[in-house]
Amino acid sequence: MLASIPRAIDGTMTFLVKSRAVSPWSLSYDPGTGTSHRHVPVEARWEVLTGRL
């Protein structure tokens with residue numbers, strides 16, 4: 001499920017609620033630059049990261 005708030009009035013606050021994981025990663029999007037970034041917890045990447053040492 002992807003949620004989006006295309007516009008907000010000045011002074012608007014965002015309320016986030018933490019719940020169980022729906023997917024093993026999250027995605028953030030910057031509408032100003034049009035870029036997105038996938039966030040994967042370090043615990044899920046530990047084996048790959050230690051292999052690079």
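Small disclaimer: the values here were computed from a predicted structure and weren't measured.
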Atom pair [atom1]/[atom2] of [X] and [Y] - distance to nearest 0.5 Å:
{"X": "His37", "Y": "Leu27", "atom1": "NE2", "atom2": "CG", "result": "9.0 Å"}
{"X": "Arg45", "Y": "Thr50", "atom1": "CZ", "atom2": "OG1", "result": "11.5 Å"}
{"X": "Glu47", "Y": "Arg52", "atom1": "CD", "atom2": "CZ", "result": "12.0 Å"}

Strictly distance-based, threshold 3.5 Å: is any side-chain N or O of Arg38 a donor or acceptor partner for the main-chain N or O of Ser26?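 Here the side-chain-to-backbone pair does not exist.
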Shortest non-hydrogen contact from Gly34 to Tyr29?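 Closest approach of Gly34 to Tyr29: CA-OH, 3.5 Å.
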Looking at every non-hydrogen atom in both residues, tell me the closest pair between Pro24 and Pro41 and how far apart they are.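 Closest heavy-atom pair between Pro24 and Pro41: O-CD, 3.3 Å.
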Count the heavy atoms of every other residue, nucleotide or ligand shown that sit under 6.0 Å from CH2 of Trp25, and state whether that count exceeds 12.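 Buried by this count: over 12 neighbours within 6.0 Å.
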